[in-house]
Amino acid sequence: MSLLLNVPNAEKEHAASMGAQWDQVAHTWYLPEDRYDRLIDVARWIPEKHPAIILPTEISIVHAGRPCWKCQHHNRVIAIAGNYFYEKDMNERDELVWLAQDFFTVFQQVSAISENLQTLLNDHYPRYKRAWSNTQEDHCWSNHCESCNSVQGDWFLFDEAGSVFNPTERTEASQLMIRNYTLKYAPLIDAVYSLGDHARLINEFAERPDL
């Protein structure tokens with residue numbers, strides 16, 4: 001779960017003193033996970049401007065099927081998920097820290113995605129792309145209808161009880177599929193998530209063809 005860093009040549013010695021290492025094959029700097037206690041120290045070299053969540057290099061994508069709200073075309077829709085991740089937050093002393101979160105969840109209202117994860121999504125899920133969200137009043141990554149290109153909003157996919165990514169019972173969760181992809185460096189996103197039985201049901205009962 002190494003994190004890619006963008007270190008200028010003039011700052012390489014400083015970066016090395018903060019725990020960064022040099023990848024001789026990829027010719028880039030990175031922070032190994034066993035040095036994630038230095039995440040705050042290397043923040044200036046993280047390529048993304050405002051990263052909020054660092055996902056594991058084995059990224060999970062949850063698949064579901066749902067008819068388009070507009071044209072009723074049956075679409076494949078997806079959600080980014082993670083078995084564990086690091087989240088930037090404030091501690092009790094109002095200090096900025098990265099907290100390790102050791103549980104499974106699915107992410108929604110995704111407003112930013114690192115370049116390596118964007119490439120994977122473009123290759124495998126081209127209908128998952130950025131669009132304006134009236135709810136968030138910002139551009140977010142959303143599923144789009146394969147037929148009419150309408151945005152398939154997060155409310156209908158995540159927020160309503162019984163929606164595809166918010167199952168309330170085992171039979172609903174068993175209709176989902178989780179596929180894993182491995183990236184060389186940890187992807188970053190800016191998103192929100194929620195805890196509850198829906199995440200447990202997905203984690204326990206969704207199909208996992210990669211296993």
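Numbering starts at 1 and runs along the sequence shown. Side-chain atoms are counted along with the backbone in the values below, which use heavy atoms only and exclude waters and symmetry mates.
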Other than Tyr185, what residues sit in its cluster of Ile, Leu, Val, Met, Phe, Trp and Tyr side chains whose heavy atoms are under 4.5 Å apart, directly or through others? Leu4, Tyr30
The criterion is side-chain hydrogen bond (donor to acceptor under 3.5 Å, both in side chains); which residues satisfy it with His124, sequence neighbours excluded? none
Hey, does the side chain of Lys129 reach the backbone of His144 with a donor-acceptor pair shorter than 3.5 angstrom? no
For the side chain of Asn75 and the backbone of His73, is there at least one donor-acceptor N/O pair under 3.5 Å apart? yes
Side-chain cluster (under 4.5 Å, hydrophobic types only) that Ile53 belongs to, other residues: Leu55, Ile59, Ile61, Ile78, Ile80, Phe85, Phe103, Phe107, Val110, Ile113, Leu117, Leu120, Leu121, Tyr125, Tyr128, Trp141, Tyr181, Leu183, Ile189, Tyr193, Leu195
Residues forming a side-chain contact (heavy atoms from CB on, under 4.5 Å) with Ala173, sequence neighbours excluded: Pro167, Leu201, Phe205
Above 12 or not: heavy atoms from other molecules or residues under 6.0 Å from CG of Asp102? no
Taking side-chain hydrogen bond (donor to acceptor under 3.5 Å, both in side chains) as the test, write out the residues that go with Lys70, two or more places apart. none
Output yes when a side-chain donor or acceptor of Glu11 lies under 3.5 Å from a complementary backbone atom of Asn9, and no otherwise. no
Listed by chain and number, what are the side-chain contact (heavy atoms from CB on, under 4.5 Å) partners of Ala52, not counting sequence neighbours? Asp190
For Ser114, give me all partners under side-chain hydrogen bond (donor to acceptor under 3.5 Å, both in side chains), at least two apart in sequence or on another chain. Asn116
Donor-acceptor under 3.5 Å (Ser2 side chain, Pro32 main chain): no
Could you tell me whether a side-chain N or O of Arg208 sits under 3.5 Å from a main-chain N or O of Asn203, the two making a donor and an acceptor? yes
Applying side-chain contact (heavy atoms from CB on, under 4.5 Å), run through Trp29 and Val42 and close with a yes or a no. CA-CA 11 Å; Trp29 288 89; Val42 304; over 6 Å; no
What residues form a ring pair (Phe, Tyr, Trp, His ring centres under 6.0 Å) with Trp155, not counting sequence neighbours? none
Among Ile, Leu, Val, Met, Phe, Trp and Tyr joined by side-chain contacts under 4.5 Å, find the other residues sharing a cluster with Leu99 and list them by chain and number. Val97
Are the side chain of Thr105 and the backbone N or O of Ser194 linked by a donor-acceptor pair below 3.5 Å? yes
Residues at least two apart in sequence or cross-chain that pass salt bridge (charged side-chain N to carboxylate O under 4.0 Å, His left out) with Arg38, listed by chain then number, are Asp41
I need the full list of salt bridge (Lys or Arg N to Asp or Glu O under 4.0 Å) pairs touching residues 154-181, with sequence neighbours left out, sorted by first then second residue. Arg179-Asp210
Please name all residues satisfying salt bridge (charged side-chain N to carboxylate O under 4.0 Å, His left out) with Arg93, sequence neighbours left out, ordered by chain then number. Glu95
Can you tell me how far apart OG1 (Thr182) and NZ (Lys184) are? Round to the nearest 0.5 Å. 12.5 Å
Considering non-hydrogen atoms only, spot the tightest contact between Trp98 and Pro51 and give its length. CH2-O, 3.7 Å
